[in-house]
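Written out below as structure tokens is the structure these notes cover.
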Amino acid sequence: MSPRGTESWPSVGTEPRVLVVGGVDVDQRLELMLELRDRYDLAAAGSGDLKARFEANGFPYFRYPLSRGLSPAADARSFLILRRMFRRLKPDLVHTFSTKPSVWGRLAASSVGVPVVIGTIPGLGSLFSSQRRGIKALRYLYVAGIERAARRSDLTILQNQTDADELVAAGVLSADRTTVIAGSGIRTDLLSVDQLPTDLRQRTRRGLGISASSVVVTMVSRLIKPKGVLEYAAAADRLSGTDAVFLLVGPNDTDSLDRLGSRDLKLV
């Protein structure tokens, strides 16, 4: 899969052209793009089938292939396709999100002379958390990629201080071109129970067989080890027999390097 040459990013004015580059969930940046649309000419590139959603909001969208696994060959292909894309679209600024796009996307952007290159790494993910032997060996390759991409970029943004401190101390990032923006900007007010009508809450409890007096503890997450689902299950087990009900909501991510094994799934 590669961006079709007929796809274009028509110029709409004199505003700086900003290309937001991510993976399958780059649409999580859509709200940010809507906030900035009066100041920048924005477009997005990602690996998901998101063209209709972005175009419905007035933004061009360009799809490119991106492997979720550790595959140097697939990543090299992503790099070459992104390089061709950036050369054709000529953005003034490329801002990448997530680990892989922030390596290959930034290297591709800098290689074709994009004036400003920025990368946001929300978390270090399975690449750094997994203790599997094969992944440890490949980790050195990707750490080198992060270091090189950061060295050829204007700024690297992380979302927690621990990651920033670890990577700066290891010499992967330079302190003067690294900053931390805490969190992903989740609007917790939208998750308040007060947002739901009382009758809907009551029907939902009845449908799940939960009494009106029970304390409900809910975790929404992909079912992978770094998210803490095993610790959550252990807490639920320790509180069994109390008036607390634990709900774990989310897909079993079988493609992740840190996916749950059959023994783990029995615990959750």
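Predicted model only: the values in this text are computed from it and were never measured.
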When rounded to the nearest 0.5 angstrom, what is the spacing between [atom1] in [X] and [atom2] in [Y]?
X	Y	atom1	atom2	result
Ile210	Thr204	CD1	OG1	9.0 Å
Arg29	Thr120	CZ	OG1	7.0 Å
Leu19	Leu89	CG	CG	6.5 Å
Arg106	Ile121	CZ	CD1	5.5 Å
Thr198	Arg203	OG1	CZ	11.0 Å
Ser111	Leu80	OG	CG	9.0 Å

With no hydrogens and no angle check, is any side-chain donor or acceptor of [X] less than 3.5 Å from a backbone partner on [Y]?
X	Y	result
Asn57	Phe59	no
Ser78	Ala74	yes
Arg205	Ser214	yes
Tyr232	Leu247	yes
Arg37	Met33	no
Arg87	Val112	no
Asp27	Leu30	no
Asp154	Ile118	no
Ser110	Leu107	yes
Ser240	Asp237	yes

After noting the C-alpha distance and the side-chain angles of Leu248 and Leu223, does the key distance pass the side-chain contact (heavy atoms from CB on, under 4.5 Å) rule?
-> CA-CA 9 Å; Leu248 178 57; Leu223 302 189; 3.6 Å; yes
Are [X] and [Y] joined in one hydrophobic group, where the rule is that I, L, V, M, F, W and Y side chains link up if heavy atoms are under 4.5 Å apart?
X	Y	answer
Ile157	Val26	yes
Ile81	Val21	yes
Tyr40	Val114	no
Val116	Trp104	no
Leu239	Val217	yes

Mark yes when over 12 heavy atoms from residues, nucleotides or ligands other than [X] sit less than 6.0 Å from its [atom1]; otherwise mark no.
X	atom1	result
Arg148	CZ	no
Gln195	CD	yes
Ile181	CD1	no

Evaluate the ring planes of Phe62 and Trp9, with Trp represented by its six-membered ring, and classify them as parallel (under 30°), tilted (30 to 60°) or perpendicular (over 60°).
->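 Ring orientation, 0 to 90° scale: tilted.
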For Phe97 and Val20, run side-chain contact (heavy atoms from CB on, under 4.5 Å): C-alpha distance rounded to whole Å, both residues' side-chain angles, the deciding distance at 0.1 Å, then the answer.
-> CA-CA 8 Å; Phe97 290 85; Val20 174; 3.6 Å; yes
Cation-pi geometry met for Arg53 and Tyr61 (6.0 Å, 45°) |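 Negative - Arg53 is either too far from the ring of Tyr61 or too far off its axis.
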Evaluation steps, side-chain contact (heavy atoms from CB on, under 4.5 Å), between Leu158 and Leu173 | CA-CA 11 Å; Leu158 294 110; Leu173 301 178; 3.5 Å; yes
For a quick test of reading the model, state the closest non-hydrogen atom pair linking [X] to [Y] and the distance between them.
X	Y	answer
Gly105	Leu82	CA-CD1, 3.8 Å
Ser8	Pro10	O-CD, 3.5 Å
Asp243	Ser211	OD1-OG, 4.3 Å
Pro101	Gly23	CG-N, 4.1 Å
Lys227	Arg222	CG-O, 3.6 Å
Val172	Ala150	O-CB, 4.3 Å

Could you check Thr178 against Leu167 for side-chain contact (heavy atoms from CB on, under 4.5 Å), going step by step and ending with a plain yes or no?
-> CA-CA 10 Å; Thr178 302; Leu167 293 177; over 6 Å; no
Tell me, please, which residues at least two apart from Arg177 pass salt bridge (charged side-chain N to carboxylate O under 4.0 Å, His left out).
->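 Not a single residue meets the salt bridge (charged side-chain N to carboxylate O under 4.0 Å, His left out) criterion with Arg177.
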Taking the side chain as every heavy atom from C-beta outward, state whether [X] and [Y] have any pair of such atoms under 4.5 Å apart.
X	Y	value
Gln159	Asp163	no
Met219	Val229	yes
Leu93	Pro16	no
Arg77	Ser67	no

